[in-house]
Amino acid sequence: MEYKVIKQFRDKFTKAIFPVNSVYQTEDAERAQYLQESGYLFAEKQEEKSSEGDSSLLDESVEKIKKSVTAELGKEKLEVLLKLEKESKDRKGVIEHIEELLQEVE
């Protein structure tokens, strides 16, 4: 199974480093769950070769992101997008937009 990395880590078994926005592959469900609970992996499994992944939403311009990222995505997904944006491009306009949406869904 494939999982989206949301916080960089070094795998304790392989010693490989997994940067933010990379994909971690494992068949060990317990290991994946531990990494999710520890905040290293996104909580949902990633579909193979998904064209609508979280990071691809953030690869657009600020204006396009504002149009495509809405409160309908839900609190959990918005929180992940906010974290990904802060850890990568850190654009003020995108961060403010997502934070406003999070206030709406609370």
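Hydrogens, waters and symmetry mates play no part in the numbers below; they use all other heavy atoms, side chains included.
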Visitor: Give, for atom CD1 of Ile98 and atom CG of Leu82, the distance between the pair rounded to the nearest 0.5 Å.
Guide: 5.5 Å
Visitor: Would you confirm whether Glu60, through its side chain, and Ile65, through its main-chain N or O, come within 3.5 Å as a donor-acceptor pair?
Guide: no
Visitor: Any heavy-atom pair between the side chains of Glu85 and Arg91 that's under 4.5 Å?
Guide: yes
Visitor: Quick one: pull up CG in Asn21 and CG in Leu58 and give me the separation to the nearest 0.5 Å.
Guide: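 Going from CG on Asn21 over to CG on Leu58, the span is 8.0 Å.
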Visitor: Within a reach of under 6.0 Å around NZ of Lys64, are more than 12 heavy atoms found that belong to other residues, nucleotides or ligands?
Guide: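 Open.
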Visitor: With a 4.5 Å limit on heavy-atom distance, are the side chains of Gln36 and Arg31 in contact?
Guide: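 When only atoms from C-beta onward are counted, Arg31 and Gln36 do not touch, as no gap falls below 4.5 Å.
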Visitor: Would you give the length of the straight line joining atom CD1 of Ile6 to atom OG of Ser22, rounded to the nearest 0.5 angstrom?
Guide: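 Here the interatomic distance stands at 11.5 Å.
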Visitor: Let me confirm one number: the NE2-NZ distance from His97 to Lys66, rounded to the nearest 0.5 Å.
Guide: 7.5 Å
Visitor: Is Ser38 reaching over with its side chain to a backbone N or O of Tyr40, donor-acceptor style, under 3.5 angstrom?
Guide: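 Side chain of Ser38 to backbone of Tyr40: no pair is present.
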Visitor: Could you tell me whether Lys86 and Glu99 have a side-chain N and a carboxylate O separated by less than 4.0 Å?
Guide: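 Looking at Lys86 and Glu99, the cut-off is met.
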Visitor: With the side chain counted from C-beta on, respond yes when Leu41 and Lys4 share a heavy-atom pair under 4.5 Å apart, and no when they do not.
Guide: no
Visitor: Evaluate Val62 against Lys92 for side chain to side chain contact (heavy atoms under 4.5 Å, CB included), listing each step before the verdict.
Guide: CA-CA 9 Å; Val62 174; Lys92 181 180 176 183; over 6 Å; no
Visitor: Donor-acceptor check, side chain of Glu87 to backbone of Val20, threshold 3.5 angstrom: yes or no?
Guide: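 No: the side chain of Glu87 does not pair with the backbone of Val20.
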Visitor: Look up atom OG1 in Thr26 and atom CG in Asp11, then write down how far apart they are to the nearest 0.5 Å.
Guide: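 Interatomic distance, Thr26 OG1 to Asp11 CG, rounded to 0.5 Å: 8.0 Å.
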Visitor: Tell me if the centroids of the rings in Phe9 and Tyr24 come within less than 6.0 Å of each other.
Guide: yes
Visitor: Taking a hydrophobic cluster as the set of Ile, Leu, Val, Met, Phe, Trp and Tyr residues connected by side-chain heavy atoms closer than 4.5 Å, whether directly or through intermediates, do Leu84 and Ile17 fall within one such cluster?
Guide: no
Visitor: Taking only residues two or more places apart in sequence or in another chain, which ones pass salt bridge (charged side-chain N to carboxylate O under 4.0 Å, His left out) with Asp28?
Guide: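 Not a single residue meets the salt bridge (charged side-chain N to carboxylate O under 4.0 Å, His left out) criterion with Asp28.
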Visitor: When rounded to the nearest 0.5 angstrom, what distance separates CD in Glu104 from CG in Leu78?
Guide: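 Glu104 atom CD to Leu78 atom CG measures 9.5 Å (nearest 0.5 Å).
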Visitor: Between Arg10 and Ala16 (side chain of the first, backbone of the second, donor and acceptor by atom type, cut-off under 3.5 Å), is there such a pair?
Guide: no
Visitor: When you measure from the side chain of Gln8 to the backbone of Phe18, do you find a donor-acceptor pair of N or O atoms at a distance under 3.5 Å?
Guide: no
